[in-house]
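Read through the structure below, which is laid out as structure tokens, and then see the notes.
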Protein chains: 2
Amino acid sequence: MILESLKTSKSAISQDNLQAQLGDLVDRATIYRVLNSFYEDGVVHKIVGDDGKQYFAYCRNCSEKSHHHNHFHFRCLNCGKIECLPNEMEVNLPEKYRTINFNGFISGYCSLC
Amino acid sequence: MILESLKTSKSAISQDNLQAQLGDLVDRATIYRVLNSFYEDGVVHKIVGDDGKQYFAYCRNCSEKSHHHNHFHFRCLNCGKIECLPNEMEVNLPEKYRTINFNGFISGYCSLC
DNA sequence: TTCAATAATGCAACAAAGCCGCATTATTGA
DNA sequence: TCAATAATGCGGCTTTGTTGCATTATTGAA
Ligand SMILES: [Mn+2]
Ligand SMILES: [Mn+2]
Ligand SMILES: [Zn+2]
Ligand SMILES: [Zn+2]
């Protein structure tokens, strides 16, 4: 059920989001565990929002081995939607620096709000 | 004292960071309040790390009215330093979207680690 | 099919980060 | 000088996320 929600959702979703969908069918801890194992298995990517919360989005344009997650995410301060922005980014790190995790996040107002 | 720490620190710092410097001279809640009022007054900028924590960095290349905070921050997973990366970024938002807050964060390993 | 080994879940507790109300203390300025 | 205002400490509270442990479910070899 969680995988289905992730697949069909257009936006990145968080635990409380899923909890609202599932009610008390599934425990809080289980949702977190499932999301984390999806993340470890490369099924979803994880973003930490500027609200300090973790969001998860189904990997769509990723092959098994090569993931492309260097895009920004947008959160509308009014309607709350979290979107993946299309453009993949490149960031110039200083010499010899190595990226492990990219976390690009912008909050603001979407076209409807 | 908090302002002094922010001014002299080369990296963005968090509450627990300051607490370690100040000991129990200043209460936890007060540190948060001071940091937030600096932020509201445009004295510092605030970044939410991919560890979910808030970091604050003294505004260095900002004028009173125009701030330039569209840069990434880097956290070394080994030594823990948080740096402002020099390059200012531009992100293409979809039509009619408006940016309120930019939060670029990369974690990885620095040149020394 | 059966049943022991393994995995997933629920429940409760816990920790970290951050915020807020309220009483107290400090600062300001008329 | 002292009343008004602001800053602080303390305690409690919420939210987010994790973990230990007992229970339940699933798996797969005999
Ligand atoms: Mn991916
Ligand atoms: Mn600034
Ligand atoms: Zn919106
Ligand atoms: Zn380092």
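Naming convention: chains lettered A, B, ... in sequence-line order (proteins, then strands); numbering from 1 in each chain.
Pairing for dT27(C) is with dA4(D), a Watson-Crick or G-U wobble pair whose two hydrogen-bonding atom distances lie under 3.5 Å. Pairing for dC19(C) goes to dG12(D), judged as Watson-Crick or G-U wobble with the two contacts each under 3.5 Å.
Checked by distance alone, Arg33(B) brings no side-chain donor or acceptor within 3.5 Å of a matching partner on the base of dG18(C). Applying the 3.5 Å distance criterion, the base of dG10(C) shares no donor-acceptor pair with the side chain of Arg28(A).
Residues Leu93(B) and Ile106(A) meet the side-chain proximity criterion, which asks for heavy atoms closer than 4.5 Å. Between Gln15(B) and Gln54(B), the closest side-chain pair of non-hydrogen atoms is not below 4.5 Å.
If you check every strand for non-hydrogen atoms under 4.0 Å, Asn36(B) touches sugar and phosphate atoms only. Using a 4.0 Å heavy-atom criterion, one finds that Leu25(B) contacts the sugar-phosphate atoms exclusively.
Atom CG in Leu18(A) sits roughly 12 Å away from atom P in dG17(D) (whole-Å rounding). In this entry the distance linking CG of Leu22(A) with C1' of dG10(C) reads 15 Å, nearest Å. Separating the CG atom of Asp27(B) from the C1' atom of dC20(C) is a distance of 12 Å, rounded to the nearest angstrom. Taking atom CZ of Phe38(B) as the reference point, atom P of dA7(D) lies 11 Å away to the nearest angstrom. Separating the OH atom of Tyr32(B) from the P atom of dT8(D) is a distance of 16 Å, rounded to the nearest angstrom. Between the CG atom of Asp16(A) and the P atom of dT18(D) there is a distance of 14 Å, given to the nearest Å. Going from atom CD of Gln15(B) over to atom C1' of dT8(D) covers 15 Å, rounded to whole Å. Across the protein-nucleic acid pair, Ile31(A) atom CD1 and dT9(C) atom P stand 11 Å apart, rounded to whole Å.
Here the side chain of Gln54(B) is nearest to one of dC19(C), dT8(D), dG10(C), namely dC19(C).
Aromatic rings of Phe38(B) and Tyr58(B) (six-membered ring for Trp) have centroids beyond the 6.0 Å cut-off, not under it.
Partner of Glu88(A) under the side chain to side chain donor-acceptor pair (under 3.5 Å) criterion, out of His71(A), His68(A), His69(A): His71(A) alone.
Salt bridge annotation for Lys53(B)-Asp16(B): present, with a cationic side-chain nitrogen under 4.0 angstrom from a carboxylate oxygen.
Residues Ala29(B) and Lys53(B) each lie close to DNA chain C; by heavy-atom proximity, the contact nearer the 5' end of the strand is made by Lys53(B).
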